[in-house]
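Comments concern the structure below.
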Amino acid sequence: MAASATTAASHLLRPLYQIQFPKCPHLFSESQFRPRLLRSQTTQRLTVRATATVVVDSDLSTHKDQEKETQVDLFACPICYEPLIRKGPVGLNLSAIYRSGFKCKRCQKSYSSKDGYLDLTLTSGLKDYTEVQPVRTELFRSPLVSFLYERGWRQNFRQSGFPGPDEEFKMAQEYFEPAKGGLIVDVSCGSGLFSRKFAKCGTYSGVIALDFSENMLRQCNDFIKKDATLSAANIALVRADVSRLPFASGSVDAVHAGAALHCWPSPSNAVAEITRVLRSGGVFVGTTFLRYTSSTPWIIRPFRERNSQGYGFLIEEEIKDLCTSCGLTNYSCKIQKSFIMFTAQKP
């Protein structure tokens, strides 16, 4: 009787060669390979082969491992803003992000890393469709400009009143005091000049270097690889549009935008997005070039064009109005020649 029951059970088990295993072999809880007991009108003793028992034990352990690797991540879909499901190593560092896969459960769109950065733009993965960006955007996507940015380009900002990266970082850190220990996003990070400083200072739980330029992010990745102190730091490189930030609302503690606002195609859309992702009490700090200041002679002001050489230069009053109209409060700023550092908080 036991032998006949074993034969019957074996017909109900799917052969191993018919099962489609994922890349990392495991069996899901709904797998049909789970052995099932045969019941009849009379009580019978059923013997299950030892090999099937081993597979079941392996199934349970590997399924638990999969649950650890699949999680709701801090990144969100740039289409619907739903938090992405992440499968792979945990952690906010280059290695873990690179070896992870991300997917939106609602849109069913997948995102992955390449060249050291995670691409979370709307056009990520598209093969035929391309978008033409404004000249100011395309300029910084150039491999040459990306290479030169920290090798002479950024140093020229001193002529317009920029105090230099070290002093600018010190000033920003004072404004970011309420965000210590939190997550900071360095939007329009370029080659990661300030992203790396934020990561090395150890003040924040995580740093996300975000830019639309692929080549700027590659340069940032190269700089990080050359700095042993940053090899295991909590820093991630993300390609994204500042007008479509891939984060859930109220999920970020601080946002930094160094020498960036004048490069954005739509500053109002960008600041509105920054306001959306900031938590209550979160801090936004930015620097840019002013079109003119209160000390600029009236006779010269009409000749300072708002859109010059493809950039959009604002005055201090416009920046304040932009921040407050997007819902930010506690606005303040520091001005030196054409340089301005401004800050505001989300109430």
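Hydrophobic clustering (side-chain heavy atoms under 4.5 Å, transitive across Ile, Leu, Val, Met, Phe, Trp, Tyr) groups I208 together with L122. Grouping the Ile, Leu, Val, Met, Phe, Trp and Tyr side chains by contacts below 4.5 angstrom, directly or via other members, places L148 apart from M216.
Side-chain contact annotation: Y175 with E177, donor-acceptor N/O pair under 3.5 Å absent. With hydrogens and angles left out, the side-chain atoms of D211 and S213 include no donor and acceptor closer than 3.5 Å. For the residue pair E150 and S191, a side-chain donor N or O sits within less than 3.5 Å of a side-chain acceptor on the partner. Between S243 and W264, the side chains place no donor N or O within less than 3.5 Å of an acceptor N or O (distance only, hydrogens not considered). Side-chain contact check for S249 and R276: at least one donor-acceptor pair (N or O, by modelled atom type) lies under 3.5 Å.
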ask   = Given T296 and R301, is the side chain to side chain donor-acceptor pair (under 3.5 Å) satisfied, shown in steps?
value = CA-CA 7 Å; T296 304; R301 294 186 184 186; 5.2 Å; no
ask   = Would E174 and K334 satisfy salt bridge (Lys or Arg N to Asp or Glu O under 4.0 Å), going step by step from the backbone distance to the final call?
value = CA-CA 12 Å; E174 295 176 359; K334 296 178 181 178; 3.7 Å; yes
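For S124 (side chain) and T121 (main-chain N/O), no donor-acceptor pair under 3.5 Å exists by modelled atom type. No donor-acceptor pair under 3.5 Å is formed between the side chain of S160 and the backbone N or O of S338. At distances below 3.5 Å, not a single donor-acceptor pair connects side-chain atoms of S113 with backbone N or O atoms of G116.
Here the shortest heavy-atom pairing between L278 and K346 reads O-NZ, 2.8 Å. For the residue pair P347 and S280, the shortest heavy atom distance occurs at O-OG, 3.1 Å. Of all the heavy atoms in N215 and S142, the pair that sits closest is ND2-C, 4.0 Å. Minimum heavy-atom separation, F102 to L84: CB-CD1, 3.9 Å.
By the 4.5 Å heavy-atom criterion applied to side chains, C77 and Y111 are counted as neighbours. Between L237 and L118, every side-chain heavy-atom pair lies at or beyond the 4.5 Å cut-off. The shortest distance between side-chain heavy atoms of E318 and R291 falls below 4.5 Å.
Remark: R239 qualifies as a cation-pi partner of F212 under the 6.0 Å distance and 45° angle criteria applied to the six-membered ring. For the pair R196 and F223, the distance from NZ or CZ to the six-membered ring centre is under 6.0 Å and the angle to the ring normal is within 45 degrees.
The number of heavy-atom neighbours closer than 6.0 Å to CD1 of I299, taken from other residues, nucleotides and ligands shown, is 12 or below. For OH of Y98, the number of neighbouring non-hydrogen atoms (other residues, nucleotides, ligands) closer than 6.0 Å is 12 at most. Sparse packing is recorded around NZ of K320, with 12 or fewer heavy atoms of other residues, nucleotides or ligands lying under 6.0 Å away. By the neighbour-count criterion of 12 heavy atoms within 6.0 Å, atom CD of Q159 is sparsely surrounded, having that number or fewer from other residues, nucleotides or ligands.
Note: F162 and F289 have tilted aromatic rings, judged against thresholds of 30 and 60 degrees for the angle between ring planes.
If you run ring-ring contact (aromatic ring centres under 6.0 Å, His included) between H256 and each of F342, F169, F194, Y204, only F194 comes through.
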